[in-house]
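Notes for the one structure printed next.
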Amino acid sequence: MIDENLSDLTSLLKQANEAKEIVSTSSLEHKNKALKAAAESLNDSRKSLKSANDLDMEEASKKDLLDSFIDRLKLNDQRIDSMISGIHKVIDLNDPVGQISNKTTSPSGFLVSKMRVPLGVIGIIYESRPNVTADASALCLKSGNVSILRGGSEAINSNAAIEQCMIDGLSSAELPKNSIQLLKNQDRALVAEMIKRDKEIDLIIPRGGKNLIQVIAKDSSVPVLKHYDGLCHVYIDEKADSKKAKEIALNAKTYRYGICGAMETLLISEKISSSVISEIINLFKSQKVEIRGCETTSKNFNLSLASEEDWTSEYLAPILSIKTVKDVNEAIEHINLYGSGHTDCIVTEDIEAKKVFLRKVDSSSVMHNLPTCFADGFEYGLGAEVGISTDKLHARGPVGLEGLTSEKYIVEGNGQLRA
């Protein structure tokens, strides 16, 4: 059976690489036509999309899954609207493919520049979120890449329904239907095989739990764009506007508990008045958020005592850790020690504290006076995103079109010879 499955994967990869040659040189008009038709197909297929998702939700209800996992799996009209909106935003973006930059004349008189080019075949391995099927394939297509999508078994029906809508778009624009392929076979051995196919896949993007990403990064022969956990912090500085602080902290945590940009630890300057801290705590309690405090905070406000493990936990649930710190420098030290390099924010009206925080916090997104839940490709103007990279090489932060391309040198001469 495994040989038969591997044969299916080999065939899929062969088709993807054949499509790559066409997609990488497709015109902007063709790519946008395909995306527009895909968005129309999603809109016209709402009933079948929700029916497919109902099947997945029914199966998920029989399993002992986290509420945050179930929430990410749900596909309703609002989330279909979001997928459609994301595709239209991708259509509106400039095409990075073929862009020329940094054109200079070398010491020997020839011209040197850089051209943006597609990466090739991108494998995306993800869990739970069916919207990734549309978001990721749209970005891959617009950036001239072929995508191989391997979603989790819990969303197999939803993913297949969305894939068909994307293929409808490809057919409308007369682009190869194998430009977007969903690996429907859920044999886990195929994932282990995918990440070894470095001759046929140019990049692997895993989206899911930390364990999934660690295993893929450890075993993959294909370059991996890693999106580790989102252990996000908000630091309320001594010179913060109290109204902003309360609203930002609450929104950062309660906008949606299951997203990687949700705040998990709140750091508060010891110079903030106890009455303001009490108001903040009461706001969270009113939303039924369980609070675990450092020794000082738990003692002063009668909270459960946080353990060392709490400072390294991505809860993805209505649980929050709170720690009192001396100043902005101690906040930075805590974030760089315990954080995941995802997204962290300072709330302050002090320009110097803001500058220090933005410069010294080592994360892919560092914010000022904003809730961390804004860490999102849509909000950054990237259209859809394939994930938020906590790597430091190639792409960092929300990865949109440009992050799915690389650059090659273009060198133009007129017969110069090297002496």
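In what follows, every heavy atom counts, from backbone to side chain, and hydrogens, waters and symmetry copies are set aside.
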Should we say atom [atom1] of [X] is surrounded by more than 12 heavy atoms from elsewhere, each under 6.0 Å from it?
X	atom1	result
Lys196	NZ	yes
Glu412	CD	yes
Asp92	CG	yes
Glu333	CD	no
Arg359	CZ	yes

Any donor-acceptor pair under 3.5 Å linking the side-chain atoms of [Y] with those of [X]?
X	Y	result
Asp56	Asn157	yes
Tyr315	Ser321	yes
Lys20	Asn145	no
Ser113	Asn102	no
Asp168	Gln164	yes
Ser221	Asp198	no

Self-check item: Listed partners of Ser45 passing side-chain contact (heavy atoms from CB on, under 4.5 Å), at least two apart
Solution: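 With neighbours one apart ignored, the set is Ser41, Ser48, Leu49, Cys165.
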Practice problem: Check the pair Ser26, Leu175 against side chain to side chain contact (heavy atoms under 4.5 Å, CB included), reporting the backbone distance first and the verdict last. | Solution: CA-CA 8 Å; Ser26 292; Leu175 289 174; 3.3 Å; yes
Please tell me if the side chains of [X] and [Y] come closer than 4.5 Å, counting only heavy atoms from C-beta onward.
X	Y	value
Lys354	Val366	no
Cys373	Lys253	no
Phe110	Thr105	no
Leu382	Leu401	no
Leu75	Ile162	yes
Phe378	Lys89	yes
Leu35	Leu141	yes

Quiz item: If you measure from OG1 on Thr265 to CD1 on Ile335, what distance do you get to the nearest 0.5 Å?
Solution: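 The OG1 atom of Thr265 sits 9.0 Å away from the CD1 atom of Ile335.
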Counting N and O atoms only, with roles assigned by atom type, does the side chain of [X] sit under 3.5 Å from a partner on the main chain of [Y], one being a donor and the other an acceptor?
X	Y	answer
Glu314	Gly230	yes
Ser128	Phe69	yes
Gln186	Ser153	yes
Ser147	Leu149	no
Glu290	Ile319	no
Arg129	Leu73	no
Ser389	Ala395	yes
Ser51	Lys47	yes

Exercise. Let me know which of Lys246, Lys285, Lys243 forms a salt bridge (Lys or Arg N to Asp or Glu O under 4.0 Å) with Glu279.
Key: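 Only one of Lys246, Lys285, Lys243 forms a salt bridge (Lys or Arg N to Asp or Glu O under 4.0 Å) with Glu279, namely Lys246.
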Quiz item: Checking side chain to side chain contact (heavy atoms under 4.5 Å, CB included) for the pair Val289/Tyr257: CA distance, chi angles, key distance, verdict?
Solution: CA-CA 10 Å; Val289 175; Tyr257 297 119; 3.5 Å; yes
Exercise. Tell me, please, which residues at least two apart from Glu40 pass salt bridge (charged side-chain N to carboxylate O under 4.0 Å, His left out).
Key: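 Expected list: none.
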Quiz item: What residues form a ring-ring contact (aromatic ring centres under 6.0 Å, His included) with His334, not counting sequence neighbours?
Solution: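 By the ring-ring contact (aromatic ring centres under 6.0 Å, His included) rule, His334 matches His233, Trp311, Tyr338.
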